[in-house]
Number of protein chains: 2
Amino acid sequence: MIATYTSSSLKAELNEKGWRLTPQRETILNVFQNLPKGKHLSAEDLYNVLQEEGAGISLSTIYRTLKLMARMGILRELELAEGHKHYELNQPHPYHHHHLICVRCSKTIEFKNDQILKIGSKAAQKDGYYLLDCQLTIHAVCPTCQRSLMPT
Amino acid sequence: MIATYTSSSLKAELNEKGWRLTPQRETILNVFQNLPKGKHLSAEDLYNVLQEEGAGISLSTIYRTLKLMARMGILRELELAEGHKHYELNQPHPYHHHHLICVRCSKTIEFKNDQILKIGSKAAQKDGYYLLDCQLTIHAVCPTCQRSLMPT
DNA sequence: CTGCTTATTGAGAATCGTTGTTGAAAAGAA
DNA sequence: TTCTTTTCAACAACGATTCTCAATAAGCAG
Ligand SMILES: [Mn+2]
Ligand SMILES: [Mn+2]
Ligand SMILES: [Zn+2]
Ligand SMILES: [Zn+2]
């Protein structure tokens, strides 16, 4: 987990594995770096953001880039109970955080806890795994949905 | 989180919300209750198991039941990096556990940690959420895949 | 037990997020 | 530059999940 990527550190990390730095990849990383705290983007969200900014990157490239960056540990891939994945920068302590999700309305709250990352690192290390991301996901029912009479 | 459901405790919990106990729901819960430790089932896995057992339950019903039971907190819905969801019984301490997943080959290891559930409960409680499930998911690269020269 | 109301089922069609395929363009090496 | 390899955009294809709807059967009140 690197705190902030620059063009050249991104290039270095890509080249190390035989990949290339393209304008598209640089642009996409930039969007995530300038994202407000607590904001998560789906592939389609990102596509729309880029359209508005005039940087028309194809959906295919977006999907490929998101997956690539998630596998490199640059982005976190989140399942926020909406039928599609969301992504955000994978930042180290003290920005590292977790998600509390309402399974009914999908409202999501972020929270921090210093122990989690330690527990996760230790678990990965114990079996010789190289840690990419460590997320505590809490599925729950929010106060509003608890009050709602509607079942389901 | 209830340790073991019987026909009647399941019925009670369903009826409380205006739902009904059907033979299909009872059968499906039974499959999970008799599943070997560490085994997870996808919707299609479950469909096949039921076919072999002679209890032909339709895929539609399986999907509906899995979602229902996950929302009730009876089952856990897991994202094990294979493009589809997996399910297992949602059991309390000391059976409650977490998952360490290789993002390349999807190999999954289960591990336990007593603190996690406490941390999760506290986080949910703080915001008035009703806890259903709490899972620490670790994305990593397994030793074998680290050695493999193949990128991606 | 009987009948009524309404949740649930099964079969298949439909949806939609994601992945695969292709020829063209761009990056990196020499 | 020139050659080789990777990446791109566009669109087709895929597959997991959801939806639709007529038929069935829980649950409940009498
Ligand atoms: Mn977040
Ligand atoms: Mn498990
Ligand atoms: Zn809610
Ligand atoms: Zn692996």
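A note on names: the letters A, B, ... follow the listed sequences, proteins ahead of strands, and every chain is numbered from 1. What you are looking at is a predicted structure, and each value in this text was computed from that prediction instead of being measured.
Relative ring orientation between His98(A) and Phe111(A) is described as tilted, the plane-to-plane angle lying within the 30° to 60° band. Relative ring orientation between Tyr87(B) and Phe32(B) is described as perpendicular, the plane-to-plane angle rising above 60° on a 0-90° scale split at 30° and 60°.
Remark: of the listed residues Asp45(A), Ile28(A), Leu59(A), Ile28(A) is the sole one forming a side chain to side chain contact (heavy atoms under 4.5 Å, CB included) with Leu50(A).
Applying the side-chain hydrogen bond (donor to acceptor under 3.5 Å, both in side chains) definition to pairs two or more places apart or across chains, those involving residues 56-67 of chain B are Ser58(B)-Thr61(B), Thr61(B)-Arg64(B).
Here the NE2 atom belonging to His96(B) is positioned 10.5 Å from the CG atom belonging to Asn113(B), to the nearest 0.5 angstrom. Distance check: Ile138(A) CD1 to Leu136(A) CG gives 4.5 Å after rounding to the nearest 0.5 Å.
Contact annotation for Arg64(B): base contact, defined as any heavy-atom pair under 4.0 Å involving a base atom. At the heavy-atom level, Leu21(B) lies under 4.0 Å from the strands shown only through sugar-phosphate atoms. Among the heavy atoms of the strands lying under 4.0 Å from Ile57(B) are primed sugar atoms or P, OP1, OP2 only; no base atom is included.
Map Ser60(B) and Thr22(B) each onto its nearest nucleotide of DNA chain C; the residue landing nearer the 5' end is Thr22(B). Between Lys11(B) and Ser42(B), the one whose closest nucleotide on DNA chain D sits nearer the 5' end is Ser42(B). Each of His84(B) and Pro23(A) was assigned the nucleotide of DNA chain D with the nearest heavy atom; the assignment lying further toward the 5' end belongs to Pro23(A).
Taking 4.0 Å as the cutoff to heavy atoms of chain B, we find the contact window on DNA chain C bounded by dT6(C) to dG12(C). Nucleotides of DNA chain D with any atom under 4.0 Å from a heavy atom of chain B span, from 5' to 3', dA16(D) to dG27(D).
Between the axis at the start and the axis at the end of the helix from dC1(C)-dG30(D) to dA30(C)-dT1(D) there is an angle of 50°, using five pairs per end and rounding to 10 degrees.
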Using the rule given for side chain to side chain contact (heavy atoms under 4.5 Å, CB included), can you reason through Ile74(A) versus Asn90(A), listing the C-alpha separation, both sets of side-chain angles and the distance that settles it, and then say yes or no?
CA-CA 5 Å; Ile74(A) 297 177; Asn90(A) 187 15; over 6 Å; no
What do the steps show when you test Lys85(A) against Glu79(A) for side chain to side chain contact (heavy atoms under 4.5 Å, CB included), and what is the final call?
CA-CA 5 Å; Lys85(A) 291 168 182 156; Glu79(A) 297 286 343; 3.3 Å; yes
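Tyr95(A) belongs to no hydrophobic cluster, as no Ile, Leu, Val, Met, Phe, Trp or Tyr side chain comes under 4.5 Å of its own.
The salt bridge (charged side-chain N to carboxylate O under 4.0 Å, His left out) search around Glu88(B) returns Arg76(B), not counting sequence neighbours.
Closest non-hydrogen pair, Cys145(A) versus Arg104(A), comes out as O-NH1, 3.4 Å.
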